[in-house]
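Values in this document were obtained by computation on a predicted structure and should not be read as measured data.
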Amino acid sequence: MEAEGLGWLLVPLHQLVSWGAAGAMVFGGVVPYIPQYRDIRRTQNAEGFSTYVCLVLLVANILRILFWFGRRFESPLLWQSVVMILTMLLMLKLCTEVRVANELNLKRRVFSASRWSSCGQVATPSRRPTSC
């Protein structure tokens with residue numbers, strides 16, 4: 001009789017634990033990328049981040065979704081793949097933007113340095129050749 005009396009508490013508790021575990025499965029793979037994303041955005045430097053990891057994870061999660069159409073598995077794993085694909089696309093977008101901006105800045109610096117401070121005859125804006 002006592003076990004039946006606790007049923008009103010155990011059933012919602014079991015459901016709450018199941019939902020918590022499913023949420024941890026879905027978003028647990030994304031959590032390590034949050035500090036990396038913030039660090040890359042703050043420093044505008046994506047040097048230490050490998051885009052090959054993103055490629056491997058994208059391929060693996062796309063294959064998992066394709067496998068789901070043939071043989072169904074738990075929906076939290078399917079949602080984990082969807083969330084991970086979105087995360088990897090976000091990381092690739094950020095890394096691409098940062099790397100392109102850094103390369104453009106580097107090219108501008110190299111161009112201005114070679115134009116105004118090369119040794120030998122330099123044409124100044126007044127069009128008079130000078131030497132170093």
Salt bridge (Lys or Arg N to Asp or Glu O under 4.0 Å) evaluation trace for E97 with K93: CA-CA 6 Å; E97 288 172 352; K93 178 181 177 281; 3.0 Å; yes
CG-CG distance between L94 and L89, expressed to the nearest 0.5 angstrom: 12.5 Å
Minimum heavy-atom distance between M88 and L57, given as atom pair plus value: SD-CD1, 3.8 Å
same_hphob_cluster(Y37, I34) at 4.5 Å side-chain heavy-atom cutoff: no
Cation-pi check, R71 onto W68 ring (under 6.0 Å, within 45° of axis): no
Cluster check V82, L58: I/L/V/M/F/W/Y, side chain < 4.5 angstrom: yes
V56-F49 co-clustered via ILVMFWY side chain contacts under 4.5 Å: no
pair T51-L55: side-chain heavy atoms closer than 4.5 Å: no
Aromatic ring pairing F67/F73, orientation class (parallel under 30°, perpendicular over 60°, tilted between): parallel
Residue R72 excluded, over 12 heavy atoms near CZ under 6.0 Å: yes
CZ on R38 to OG1 on T43, rounded to 0.5 Å: 12.5 Å
Spatial distance of atom CG (D39) from atom CD (Q44) [nearest 0.5 Å]: 11.0 Å
Nearest atoms (heavy-atom pairs only) where A46 meets R99: O-NH2, 2.8 Å
Atom pair CE (M91) and OH (Y33), whose distance is rounded to the nearest 0.5 Å: 7.5 Å
Co-membership, hydrophobic cluster, residues L66 and V83, 4.5 Å side-chain: yes
Residue pair G29 / M84: nearest heavy atoms and the distance that separates them: O-CE, 3.3 Å
Contacts of S81 that satisfy side chain to side chain donor-acceptor pair (under 3.5 Å) - sequence neighbours left out: N61, R64
L16 with W8, same ILVMFWY side-chain cluster at under 4.5 Å: no
Heavy-atom closest pair, residues N45 and V98: N-CG1, 3.7 Å
Distance-minimising heavy-atom pair for C95 and I40: SG-CD1, 4.1 Å
Neighbour count above 12 (heavy atom, 6.0 Å) for E74 CD: no
Distance (rounded to the nearest 0.5 Å) between F27 CZ and T87 OG1: 9.0 Å
